[in-house]
A.B. asks: 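Here it is, the structure, as C-alpha cells.
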Amino acid sequence: AAGVGTNTRFTRTDFDALTLPLESAGLLGATSVAFVVPSPAGRTGATQRAWRERGAEDLTLAPRGDPEEHLFSIFARTLGSNGPQRNGIDVAASAEATAALNEARRTGQPTVSDTYVLLRDQAVPANRRQLSFVFVAPVYAAGDAAAFQGWMVLGVHGQDFLGAVLSTVSQNQLD
C-alpha cells in the first residue's frame with residue numbers, strides 16, 4: 001500500500017509488477033489481491049472511464065445495491081488456483097468488507113475484516129464454501145495523509161489458512 005501511494009498515476013502495469021511476487025509467495029489461504037477505490041453513487045461511469053485510461057481496458061464496474069459510496073475492485077490478481085480474476089466487483093455489497101475498508105480509511109492503519117463468505121465465493125456450492133476474511137491496507141499519497149486513494153485488499157479463505165498453518169506448525173503430525 002505504501003508503494004502504491006508513491007505512484008502519482010497508479011496503472012494496471014504498476015499493479016501487475018507490484019503483485020507478481022505474491023503469486024509464488026505461498027501465502028496460506030490467499031485467494032486474491034486487489035486494488036479497491038471508492039466511487040460516490042452516480043459516478044460509476046466516470047470512475048470506470050478514469051481507470052480504463054490507466055490500463056484497466058476490460059474493466060466493467062458492477063454496482064450493487066444503493067450505497068452512498070461504491071467500493072470497486074479496479075485491478076485484481078488471483079492467487080493460487082482460486083478461479084478467474086474478478087475486476088469491477090462492488091465490495092460495498094459485503095457489510096464485513098465494507099466495515100474493514102472504512103475502518104482502515106478512518107484510522108490510516110491496516111485492518112482485518114470479520115469472517116464472511118467472499119463475494120467471489122457466493123456462487124460456490126454451499127458444501128464447498130468457507131468463511132473467509134480480508135486484510136485491508138489504506139493507500140494514501142506519499143507524504144499526504146489527507147490524500148486517500150483507495151485500498152490494497154488481500155482475500156483469505158479461513159479454513160485453508162488455518163489448515164495450512166496448523167499443518168505447518170505441527171509438522172503434519174495433527175489429524
Side-chain angles (χ1 to χ4, degrees), residues 1-12 14-15 18-19 21-22 25 27-56 59 61-79 82 85-122 130-158 161-162 165:
V4 173
T6 64
N7 191 327
T8 58
R9 188 160 165 79
F10 191 59
T11 66
R12 155 81 70 199
D14 299 324
F15 176 83
L18 180 74
T19 61
L22 298 177
L27 299 174
L28 304 175
T31 62
S32 63
V33 61
F35 179 63
V36 175
V37 301
S39 178
R43 299 280 304 152
T44 300
T47 301
Q48 182 172 285
R49 280 190 299 282
W51 288 100
R52 283 183 174 180
E53 290 174 8
R54 291 189 186 196
L59 180 65
L61 299 180
R64 290 183 57 184
D66 193 22
E68 289 182 26
E69 180 177 67
H70 295 283
L71 308 168
F72 292 118
S73 170
I74 301 299
F75 305 126
R77 177 181 294 277
T78 299
L79 302 173
N82 289 299
Q85 181 171 291
R86 303 281 306 269
N87 297 331
I89 292 173
D90 187 356
V91 180
S94 163
E96 296 85 356
T98 299
L101 293 168
N102 288 335
E103 180 67 7
R105 178 170 36 185
R106 184 185 70 75
T107 64
Q109 298 296 312
T111 191
V112 177
S113 73
D114 288 339
T115 58
Y116 69 105
V117 175
L118 295 175
L119 295 172
R120 67 181 290 133
D121 291 344
Q122 291 184 355
Q130 54 183 296
L131 290 177
S132 301
F133 53 93
V134 291
F135 288 104
V136 177
V139 175
Y140 291 92
D144 187 357
F148 177 76
Q149 296 178 352
W151 303 266
M152 291 300 294
V153 179
L154 177 71
V156 179
H157 281 144
F161 173 75
L162 288 175
V165 166

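All values below come from the heavy atoms of this structure, side chains included, with hydrogens, waters and symmetry mates left out.
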A.B. asks: Which atom pair, heavy atoms only, marks the closest approach of G5 to V139?
C.D. replies: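 Looks like N-CG1, 3.8 Å.
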
A.B. asks: Does Y140 use its side chain to pair, donor to acceptor, with the backbone of A1 at less than 3.5 Å?
C.D. replies: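 Side chain of Y140 to backbone of A1: no pair is present.
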
A.B. asks: So among P110, S73, P38, which one has a side chain to side chain contact (heavy atoms under 4.5 Å, CB included) with W151?
C.D. replies: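 Passing option: P38.
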
A.B. asks: Can you find a pair of side-chain heavy atoms, one from L131 and one from E96, that are under 4.5 Å apart?
C.D. replies: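 Not touching, per the 4.5 Å side-chain cut-off.
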
A.B. asks: Counting distance only, does the side-chain N/O of S113 pair as donor-acceptor with the main-chain N or O of A100 below 3.5 Å?
C.D. replies: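 No.
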
A.B. asks: Is the shortest heavy-atom distance from the side chain of M152 to the side chain of T19 under 4.5 Å?
C.D. replies: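 Answer yes - side chains close enough.
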
A.B. asks: Looking at CG of D90 and CD of E69, how far apart are the two atoms once the value is rounded to the nearest 0.5 Å?
C.D. replies: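 Between atom CG of D90 and atom CD of E69 there are 10.0 Å.
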
A.B. asks: Looking at side-chain heavy atoms only, is the closest gap between F10 and F75 below 4.5 Å?
C.D. replies: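 With C-beta onward as the side chain, the pair touches.
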
A.B. asks: Side chains of V153 and L101, heavy atoms from C-beta outward: is any pair under 4.5 Å?
C.D. replies: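 The answer is yes; the side chains approach within 4.5 Å.
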
A.B. asks: So, taking the atom named CG in L27 and the one named OG in S32, what distance separates them when rounded to the nearest 0.5 Å?
C.D. replies: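 Those atoms lie 11.5 Å apart.
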
A.B. asks: Kindly compute the distance separating CZ (R64) from NE2 (H70), expressed to the nearest 0.5 Å.
C.D. replies: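 R64 atom CZ to H70 atom NE2 measures 11.5 Å (nearest 0.5 Å).
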
A.B. asks: Which residues pass the salt bridge (Lys or Arg N to Asp or Glu O under 4.0 Å) test with E53, not counting sequence neighbours?
C.D. replies: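 Testing E53 for salt bridge (Lys or Arg N to Asp or Glu O under 4.0 Å), a comparison that skips the adjacent residues, returns none.
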
A.B. asks: Stepwise, does the side-chain contact (heavy atoms from CB on, under 4.5 Å) test hold for V134 with L118?
C.D. replies: CA-CA 9 Å; V134 291; L118 295 175; 4.0 Å; yes

A.B. asks: Hey, can you tell me if F135 and F133 have their rings parallel, tilted or perpendicular (30° and 60° cut-offs)?
C.D. replies: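 It falls in the perpendicular class, over 60°.
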
A.B. asks: List the atom of V4, the atom of L18, and the distance in Å for their closest heavy-atom pair.
C.D. replies: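 Minimum heavy-atom contact is CG2-CD2, 3.4 Å.
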
A.B. asks: Given I74 and L61, is the side-chain contact (heavy atoms from CB on, under 4.5 Å) satisfied, shown in steps?
C.D. replies: CA-CA 8 Å; I74 301 299; L61 299 180; 4.1 Å; yes

A.B. asks: How close do Y116 and S94 get, heavy atom to heavy atom, and via which atoms?
C.D. replies: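 Heavy atoms only, the tightest pair is CE1-OG, 3.2 Å.
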
A.B. asks: Of all residues at least two apart in sequence or in a different chain, which pass the side-chain contact (heavy atoms from CB on, under 4.5 Å) check with Q130?
C.D. replies: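 side-chain contact (heavy atoms from CB on, under 4.5 Å) list for Q130, sorted by chain: S132, H157, Q159, D160.
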
A.B. asks: Search all heavy atoms of P67 against all heavy atoms of A92 and return the closest pair with its distance.
C.D. replies: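 Residues P67 and A92, closest heavy atoms: CG-CB, 4.1 Å.
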
A.B. asks: Over all heavy atoms of both residues, which pair between L119 and A93 is shortest? Give the atoms and the distance, please.
C.D. replies: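 Of all heavy-atom pairs spanning L119 and A93, the closest is CD2-CB, 4.1 Å.
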
A.B. asks: Are side-chain heavy atoms of R12 and F35 found at a separation under 4.5 Å?
C.D. replies: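 SC-SC contact between R12 and F35 ruled out.
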
A.B. asks: Testing the basics here: between S39 and T47, what is the closest heavy-atom pair and its distance to 0.1 Å?
C.D. replies: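 Looking at all heavy atoms of both residues, the shortest contact is OG-OG1, 2.7 Å.
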
A.B. asks: Applying side-chain contact (heavy atoms from CB on, under 4.5 Å), run through F15 and R77 and close with a yes or a no.
C.D. replies: CA-CA 9 Å; F15 176 83; R77 177 181 294 277; 4.1 Å; yes

A.B. asks: Listed by chain and number, what are the salt bridge (Lys or Arg N to Asp or Glu O under 4.0 Å) partners of R54, not counting sequence neighbours?
C.D. replies: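 Result, salt bridge (Lys or Arg N to Asp or Glu O under 4.0 Å) vs R54: none returned.
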
